[in-house]
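A short write-up of the structure that comes next.
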Amino acid sequence: MTRAVLTLNAGSSSLKVALYPEAGDMPLATGLADRIGPDGHLRLKLPDLHETPRITSHGVAIEAVIDALTLRWPDLDLVAVGHRVVHGGLRETHAPITPDLLTELEALSPFAPLHQPHNLAGIQAAMQAFPGVPQVACFDTAFHRTHPWEADTFALPRRFYDQGVRRYGFHGLSYDYVSSVLPADLTRVVVAHLGNGASMCAIRDGRSIASTMGFSALDGLPMGTRSGQLDPGVLLYLMEQQAMSPAEISDLLYKQSGLLGLSGISNDMRVLEASDAKEAAQAIGYFTLRCAREVAGLAAAMGGIDGLVFCGGIGENSARVRRQICAGLGWMGITLDEARNLAHGPEIGAGGVRVLVVPTNEELVIAKAARGVA
Ligand code: AMP
């Protein structure tokens with residue numbers, strides 16, 4: 001019997017999968033189905049490459065994953081399936097999926113309309129595909145439930161906090177992994193998860209004490225297509241003076257803003273870095289300035305900083321972005337060794353505050369949580 005744990009990370013048009021053995025940190029297989037729809041395509045490393053075209057839905061993707069895995073391991077025995085779920089409300093720990101939990105998570109969909117419904121669709125598809133196999137929900141919010149009240153609230157009348165208008169924070173699976181592999185002497189760390197979605201987290205003694213993302217996955221840093229922090233007066237202006245509807249504003253803030261909106265060229269950092277256009281450089285400049293400001297703000301929330309850690313597609317791969325962010329932080333003792341920065345670390349600091357590049361591994365956190373219930 002090949003006893004294993006499957007992890008699923010369902011996005012709007014993608015499904016990231018990994019198969020882990022019952023014990024150990026190295027996956028047996030990893031894969032990604034992207035552009036799910038008419039052009040959907042699944043690539044699985046088993047470790048030899050297995051490709052499946054015409055992935056039209058998340059359900060089809062999961063079936064194709066099962067077909068490929070059982071072809072490779074005819075004796076495959078799944079002991080649990082772990083799912084990334086963006087919003088877990090006030091839950092502090094990951095949890096086995098039950099009908100009651102599903103109802104609770106569906107009620108949170110309005111808090112994360114662009115992510116939660118897709119996560120739940122992935123769970124439904126997996127429950128159909130693997131009846132009887134324990135399924136576990138792993139929440140991006142859970143890691144941040146250690147926020148002190150001041151970092152958890154907005155300055156609105158208190159009733160809104162009680163109604164759930166809080167700074168939940170996201171990317172918690174990534175922060176959980178990164179903090180688990182950091183040197184023990186780093187007690188006050190800012191972790192910068194910079195990818196298509198981007199946020200930063202102040203982690204003191206392994207616990208999240210503040211995060212740039214707040215109530216939704218829109219706040220804080222600018223992202224591929226999301227605005228990041230915005231003066232709320234802009235929203236009032238858009239509604240009152242430009243008569244934009246909630247749906248139009250949602251589309252603007254989630255899909256047309258960020259690096260894409262600023263550059264008018266692309267949401268993809270690689271494309272912007274390769275471009276000679278002034279707008280591309282300005283978009284990167286805005287991104288890195290906001291990042292530098294947040295590092296300083298989060299350091300203040302911890303009373304100082306011992307380490308700055310970069311992860312995510314941009315954080316792990318873009319020497320230019322790291323250089324531009326750190327260029328504004330020398331006064332805090334954050335300076336880069338450029339040769340190490342170009343080599344992508346792991347240590348890239350030139351002394352003082354340690355600066356690291358740590359490839360994140362959300363799948364491993366999900367696999368471990370799923371094993372915990374199997
Ligand atoms: P993620 O959402 O974590 O997969 O990150 C996606 C982002 O990482 C995109 O903006 C990519 O352009 C960016 N990225 C990936 N590789 C590189 C690279 N070598 N240089 C700059 N940006 C990169």
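Just follow the structure's listing: the first ligand is 1, and inside any ligand the first atom is 1.
- Residue G313 has at least one N or O atom closer than 3.5 Å to an N or O atom of ligand 1.
- Looking at atom 13 (C) of ligand 1, its nearest protein heavy atom turns out to be I314 CG1, 3.6 Å.
- Heavy-atom proximity to atom 16 (N) of ligand 1, evaluated over L32, N317, V271, V321, is greatest for N317.
- Ring orientation note: the planes of Y175 and H193 are nearly perpendicular, at an angle over 60° on the 30°/60° scale.
- In terms of protein heavy atoms, atom 23 (C) of ligand 1 is closest to R270 CG, 3.6 Å.
- With L218 as the fixed residue, the side-chain contact (heavy atoms from CB on, under 4.5 Å) test singles out one of M213, M223, R226: R226.
- With respect to R270 and D268, a salt bridge is recorded, a charged nitrogen being found less than 4.0 Å from a carboxylate O.
- Atom CD1 of I314 sits about 4.5 Å away from atom CZ of F287, to the nearest 0.5 Å.
- Other residues, nucleotides and ligands place more than 12 heavy atoms under 6.0 Å from the CZ atom of R320.
- Residue-ligand proximity, M269 to ligand 1, at heavy-atom distances under 4.0 Å covers atoms 10 (O), 12 (O), 22 (N).
- Which parts of ligand 1 touch G195 is read off a 4.0 Å heavy-atom cut-off, strictly below it: atoms 1 (P), 2 (O), 3 (O), 5 (O).
- Scanning the protein for heavy atoms near atom 12 (O) of ligand 1, the closest one is D268 OD1, 2.3 Å.
- The CZ atom of F310 sits 9.5 Å away from atom OG of S318, with the distance rounded to the nearest 0.5 Å.
- In this pair, F170 and H87 present their aromatic rings perpendicular. The plane angle is above 60°, beyond the 30 to 60° band.
- Here is the list of ligand 1 atoms found below 4.0 Å of a heavy atom in S318: 21 (C).
- Nearest protein neighbour of atom 6 (C) of ligand 1, counting heavy atoms only, is N196 N, 3.7 Å.
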